[in-house]
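Please read through the structure below; I'll follow up with questions.
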Amino acid sequence: MLDRRLIREEPEKVRQALEKRGYDFDLDALIELEARRRELLVAVENRRAEKNSISEQIAQTMREGGDAEPLRKRSSQIGVELQAHEQELEEVQSRFDQMMLDLPNIPLDEVPVGTSEEDNVVMYQVGELRQFDFTPRPHWEIGQDLGILDFEGATRMAGARFVTDVGAGATLERALFNFMLDTHTRKHGYTEVFPPFLGNKRSLYGTANLPKFEEDLFKTTDGYYLIPTAEVPLTNMHQDEILDGDDLPLYYTAYTACFRREAGAAGKETRGLIRVHQFHKVELMKFVKPGQGSDELEKLVKNAETIIQALELPYRRTHLCTGDMGFQPQQTFDLEAYFPAMDRWLELSSCSQYGDFQARRCNTRYRPAPGAKLEFVHTMNGSGLACGRTMAAILENYQQENGTVVIPEVLRPYMGGMAEILPPMP
RNA sequence: GGAGGGGUGGCCGAGCGGACGAAGGCGGCGGUCUUGAAAACCGCUGUGCCGUUAUGCGGCACCGGGGGUUCGAAUCCCUCCCCCUCCGCCA
């Protein structure tokens with residue numbers, strides 16, 4: 001959510017942001033609602049002031065033993081007028097609030113302007129693409145042949161777009177998130193968190209998954225939502241709190257399952273581990289002071305890159321353009337690994353900063369100095385990394401001609417020393 | 001799931017229809033004292049919004065959320081949420 005003041009004082013800034021994003025939004029209607037809201041607010045408050053003053057007079061009259069009846073009548077009359085104004089105010093206010101929730105964040109100046117994925121800027125590429133002397137096979141084939149990915153079983157258990165890791169596959173995924181968590185906690189200074197995988201409505205509003213993206217979420221019959229990312233619980237950890245400025249920045253990391261309906265993604269990348277309803281991810285999240293945003297995001301991206309580098313996967317970093325960026329961020333960097341069988345770069349990590357956009361919704365503030373006014377903290381987060389896709393990248397990049405998969409060296413200690421995944425015994 | 005007790009400012013805690021934005025304490029800020037510090041003493045110290053426009057003044061709202069009663073609600077009523085204790089169930 002943006003600051004209301006921006007709507008009133010710098011509407012052009014907001015308008016430019018919407019244009020850069022190619023975002024369809026009736027800003028003029030919002031500006032008008034804001035003006036009307038303030039008009040009504042003044043009317044309501046004036047009548048309330050009058051009423052309060054009469055109530056005080058009644059109290060005094062009664063203390064002195066006088067007749068307060070005429071004053072009571074007068075107060076009731078004002079009450080009737082007041083109610084009419086209040087009703088309209090409530091209506092205008094609620095329409096205004098609704099629109100504010102649908103207004104996206106303002107991209108930073110350095111974000112490349114563009115309309116689609118095509119306009120994202122590749123910043124750099126790390127690692128050599130492996131030269132295959134055979135035709136590389138897609139990860140789902142490799143996984144199924146090795147008996148470590150069971151798509152059919154998952155479909156029977158749950159449905160389409162689910163997967164079950166089996167044997168070395170399950171161990172590999174576990175090895176991945178353990179390696180990631182260990183690295184981020186021990187080397188990068190993050191505090192490990194193991195949060196609920198369900199969130200309430202308020203929390204999903206906090207990260208701005210609601211109200212706009214409800215169709216992407218799974219919801220339980222008693223009103224909980226399955227988290228689409230650990231960003232939701234982590235960002236809401238300090239909801240309604242006033243943080244100590246000396247404690248900032250705060251670094252958190254969490255491993256969670258992530259649940260996404262993927263509504264509207266029908267037909268796209270339906271095969272394999274790339275787009276499933278439940279996947280697993282280690283998330284990095286920071287609460288920082290205003291002004292620390294870009295530097296801290298840069299460090300966060302590097303922390304995520306460390307993992308890909310350690311796994312020796314070829315990857316590149318992209319700067320998302322205004323048109324491809326999500327609703328919430330001011331700026332996003334993606335880390336994409338190369339998938340040789342698909343001959344595509346697919347994101348293993350997406351790292352974004354939000355300014356106070358989410359903190360405003362979560363009401364997470366801090367006091368910059370003793371006696372100073374409270375300010376919203378700034379938030380950011382990124383995957384460090386998505387486990388399923390990372391596993392897929394490993395399968396494709398580390399596959400051997402005979403169908404086995406070599407395990408990246410850093411993961412071997414996490415897999416009881418296993419160096420290669422072999423096919424099941426006939 | 002059943003029974004009972006609670007949710008008040010940064011924290012603890014009183015108040016249970018009108019002088020209450022809320023006693024008292026802790027913490028924080030400023031000052032006196034001191035070579036300095038501590039102690040002691042004095043003063044100040046919630047948040048958001050609106051108006052006026054300014055190192056200020058005025059108003060409105062907020063005592064878990066929402067609704068109601070009343071001229072007037074932290075205080076009474078309804079409802080929801082959360083926490084604690086006991087019982088039941090349970091990985």
Side-chain angles (χ1 to χ4, degrees), chain A residues 1-9 30-101 194-206 210 219-225 233 236-248 250 257 287 289 356 359-377:
Chain A
M1 185 137 67
L2 297 179
D3 189 346
R4 260 207 302 267
R5 249 179 288 268
L6 272 181
I7 308 303
R8 199 186 342 164
E9 289 164 13
L30 184 66
I31 292 169
E32 211 175 295
L33 276 177
E34 162 64 359
R36 181 68 186 142
R37 191 186 68 84
R38 270 162 47 232
E39 227 170 77
L40 286 164
L41 192 63
V42 172
V44 163
E45 287 188 353
N46 284 343
R47 275 171 186 75
R48 279 192 192 146
E50 207 179 331
K51 222 161 171 293
N52 287 345
S53 131
I54 293 172
S55 284
E56 257 170 63
Q57 288 173 45
I58 290 173
Q60 200 176 345
T61 307
M62 286 173 67
R63 251 178 266 130
E64 289 163 359
D67 176 17
E69 208 41 49
L71 286 166
R72 281 195 188 155
K73 284 213 174 106
R74 172 108 187 79
S75 181
S76 296
Q77 273 168 13
I78 297 168
V80 175
E81 282 174 52
L82 178 62
Q83 242 181 355
H85 283 96
E86 273 176 341
Q87 212 171 356
E88 196 185 344
L89 176 62
E90 210 174 298
E91 213 180 286
V92 170
Q93 178 78 54
S94 130
R95 268 162 52 207
F96 177 77
D97 291 343
Q98 214 57 46
M99 284 193 83
M100 282 302 283
L101 289 171
F194 198 21
F197 292 4
L198 269 63
N200 58 28
K201 209 171 199 159
R202 165 91 201 269
S203 293
L204 283 122
Y205 269 92
L210 288 177
K219 188 179 181 180
T220 72
T221 49
D222 28 30
Y224 295 107
Y225 291 87
N236 282 283
M237 268 213 333
H238 299 298
Q239 209 181 72
D240 291 326
E241 276 188 55
I242 293 163
L243 301 177
D244 190 335
D246 294 338
D247 294 340
L248 297 176
L250 288 170
F287 292 94
K289 291 182 190 175
D356 64 8
R360 223 169 251 290
R361 292 172 172 237
C362 296
N363 194 30
T364 303
R365 296 174 294 175
Y366 82 106
R367 201 177 295 282
K373 264 179 71 98
L374 295 174
E375 279 186 44
F376 290 106
V377 300

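Every value quoted in this text rests on a predicted model; they were computed, and no experiment measured them.
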task = Considering only NZ, NE, NH1 and NH2 on the basic side and carboxylate oxygens on the acidic side, decide whether A:Arg48 and A:Glu86 come within less than 4.0 Å.
result =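 A salt bridge links A:Arg48 with A:Glu86.
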
task = To the nearest Å, give me how far apart CD (A:Glu50) and P (B:rA61) are.
result =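 Computing the A:Glu50:CD to B:rA61:P distance gives 13 Å.
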
message = What's the gap between B:rC77 and B:rG5 when it is taken at their P atoms, as a whole Å value?
response =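 Taking atom P in both B:rC77 and B:rG5, they lie 13 Å apart.
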
ask   = What is the minimum heavy-atom distance between A:Tyr366 and A:Ile242, and which atoms define it?
value =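 The pair with the smallest heavy-atom distance is CA-CG2, 4.3 Å.
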
task = Report the distance from atom CD of A:Glu9 to atom P of B:rC49, rounded to the nearest whole Å.
result =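 Between P of B:rC49 and CD of A:Glu9: 11 Å.
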
key: Whole-angstrom distance between B:rG13 and B:rU79, as gauged at atom P   =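 B:rG13 and B:rU79 have their P atoms separated by 28 Å.
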
request  = Could you tell me whether A:Glu375 and A:Lys289 have a side-chain N and a carboxylate O separated by less than 4.0 Å?
outcome  =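 No, no charged N to carboxylate O under 4.0 Å.
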
inquiry  = What is the separation between atom CG on A:Asp240 and atom C1' on B:rC81, rounded to the nearest whole Å?
reply    =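 Nearest whole value for this atom pair: 13 Å.
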
key: Check: A:Ala68 main-chain N/O paired with A:Thr61 side-chain donor or acceptor under 3.5 Å   =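 Answer holds: no.
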
ask   = What is the pairing partner of B:rA19, taking Watson-Crick or G-U wobble pairs with both distances under 3.5 Å in any strand?
value =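 Check on B:rA19: unpaired, no WC or wobble geometry under 3.5 Å.
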
message = Using a heavy-atom cut-off of 4.0 Å across all strands, would you classify A:Arg47 as base, sugar-phosphate, or nothing?
response =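 Here A:Arg47 touches no strand at all.
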
inquiry  = Need the pair for B:rA39. Rule: Watson-Crick or G-U wobble, both distances under 3.5 Å, any strand; none if unpaired.
reply    =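 Across all strands, not a single nucleotide pairs with B:rA39.
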
inquiry  = Please classify the nucleic acid contact of A:Ser75 as base, sugar-phosphate, or nothing, using heavy-atom distances under 4.0 Å.
reply    =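 Contact class for A:Ser75: sugar-phosphate only.
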
query = With distance as the sole criterion, is a donor-acceptor pair present between the side chains of A:Gln93 and A:Asp97 under 3.5 Å?
reply =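 Short answer, yes.
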
Rounded interatomic separation in angstrom, taking CG from A:Leu89 and P from B:rC60 =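 In whole Å, B:rC60 P and A:Leu89 CG are 16 Å from each other.
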
key: Flag, side chain of A:Asn236 to backbone of A:Ser203, donor-acceptor distance under 3.5 Å   =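 Checked: pair present.
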
task = Find the distance A:Asp3:CG to B:rG48:C1' and express it as a whole number of Å.
result =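 Whole-Å distance recorded here is 12 Å.
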
key: Separation between the C1' atoms of B:rG72 and B:rC81, rounded to whole Å   =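 One C1' to the other, the span is 28 Å.
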
query = Considering Watson-Crick and G-U wobble pairs with both distances under 3.5 Å, what does B:rC86 pair with?
reply =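 Its partner is B:rG2 (Watson-Crick or G-U wobble, both distances under 3.5 Å).
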
request  = Just compare B:rC60, B:rC71, B:rC49 and give me whichever is closest to any side-chain atom of A:Arg5.
outcome  =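 Of the candidates, B:rC49 comes closest.
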
ask   = Within the structure, does a side-chain N or O atom of A:Arg72 lie under 4.0 Å from either OP1 or OP2 of B:rU70?
value =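 Checking A:Arg72 against B:rU70: no side-chain N or O falls below 4.0 Å of OP1 or OP2.
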
task = Identify the nucleotide, in any strand shown, that forms a Watson-Crick or G-U wobble pair with B:rC60, with both distances under 3.5 Å; if there is none, say none.
result =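 Per the H-bond distance test, B:rG48.
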
inquiry  = So if I take every side-chain heavy atom of A:Arg48 and compare against B:rG72, B:rA61, B:rC50, which nucleotide ends up nearest?
reply    =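 Per side-chain heavy atoms of A:Arg48, the pick is B:rA61.
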
query = Between B:rC20 atom P and A:Glu56 atom CD, what is the distance in whole Å?
reply =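 Rounded to whole Å, this separation is 11 Å.
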
key: A:Glu32, CD atom: more than 12 neighbouring heavy atoms under 6.0 Å   =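 Atom CD in A:Glu32 is not packed in, count stays at 12 or less.
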
query = Of A:Asn46 and A:Glu90, whose nearest nucleotide on RNA chain B comes first from the 5' end?
reply =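 Looking at the nearest nucleotide for each, A:Asn46 comes out on the 5' side.
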
ask   = Is there a Watson-Crick or G-U wobble partner for B:rA91 with both distances under 3.5 Å, and if so, which one is it?
value =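 Matched B:rA91 with nothing under the 3.5 Å cut-off.
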
inquiry  = Is it the case that atom OH in A:Tyr205 sees more than 12 heavy atoms from other parts of the structure closer than 6.0 Å?
reply    =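 Yes, the 6.0 Å shell around OH holds more than 12 heavy atoms from other groups.
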
Sugar-phosphate, base or nothing in reach of A:Lys51, heavy atoms under 4.0 Å =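 If one applies the 4.0 Å heavy-atom cut-off, A:Lys51 turns out to touch the sugar-phosphate alone, with no base involved.
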
query = Can you tell which of B:rG18, B:rG51, B:rC60 lies closest to the side chain of A:Glu45?
reply =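 Side chain of A:Glu45 sits closest to B:rC60.
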
ask   = Atom NZ of A:Lys373 and atom P of B:rG46: how far apart are they, to the nearest Å?
value =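 Rounded to whole Å, this separation is 13 Å.
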
query = Which listed nucleotide (B:rC49, B:rG51, B:rC60) is nearest to the side chain of A:Arg4?
reply =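 Of all the options, the side chain of A:Arg4 is nearest to B:rC49.
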
inquiry  = Work out how far the C1' atom of B:rG59 is from that of B:rU53, and round it to whole angstrom.
reply    =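 Those two atoms are separated by 14 Å.
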
key: Along RNA chain B (nearest heavy atom to each residue), the more 5'-positioned of A:Ile242 and A:Ile58   =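 Looking at RNA chain B, the more 5' nearest nucleotide goes with A:Ile242.
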
ask   = OP1 or OP2 of B:rG64 sitting under 4.0 Å from any side-chain N/O of A:Arg202?
value =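 For B:rG64, OP1/OP2 do not have a side-chain N/O of A:Arg202 under 4.0 Å.
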
ask   = If only side-chain N and O atoms of A:Arg367 are considered, is one of them under 4.0 Å from the OP1 or OP2 phosphate oxygen of B:rU47?
value =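 So the side chain of A:Arg367 is within the cut-off, an N or O lying under 4.0 Å from OP1 or OP2 of B:rU47.
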
request  = Please state the C1' separation for the pair B:rG6 and B:rC44 - nearest whole angstrom.
outcome  =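 Going atom to atom, C1' in each nucleotide, I get 33 Å.
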
key: Nucleotide of B:rC71, B:rC60, B:rC49 approaching A:Leu41 most closely (side-chain heavy atoms)   =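 Between B:rC71, B:rC60, B:rC49, the one nearest the side chain of A:Leu41 would be B:rC49.
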
ask   = Paired with B:rC11: which nucleotide, if any, by Watson-Crick or G-U wobble criteria at under 3.5 Å for both distances?
value =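 The base-pairing partner of B:rC11, which may sit in any strand shown, is B:rG25.
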
request  = Would you mind classifying the nucleic acid contact of A:Leu374 as base, sugar-phosphate or nothing, using non-hydrogen atoms under 4.0 angstrom?
outcome  =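 Sugar-phosphate contact only.
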
query = What distance, rounded to whole Å, do you find between the two P atoms, one in B:rU55 and one in B:rA61?
reply =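 Their P atoms lie roughly 27 Å apart.
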
query = Given the C1' atoms of B:rU75 and B:rC20, what is the spacing between them in whole Å?
reply =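 These two C1' atoms come out 11 Å apart once rounded.
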
query = What is the distance from CD of A:Glu64 to P of B:rA19, rounded to the nearest Å?
reply =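 So the two atoms are 15 Å apart, to the nearest Å.
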
message = Using the C1' atom as the point on both nucleotides, what is the distance between B:rA73 and B:rC16, in whole Å?
response =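 Approximately 10 Å lies between the C1' atom of B:rC16 and that of B:rA73.
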
task = Go ahead and name the base partner of B:rU69; Watson-Crick or wobble counts if both distances stay under 3.5 Å, otherwise write none.
result =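 Partner of B:rU69: none.
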
query = At under 4.0 Å between heavy atoms, what does A:Asn52 touch on the DNA or RNA strands: base, sugar-phosphate, or nothing?
reply =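 Sugar-phosphate, no base atom in range.
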
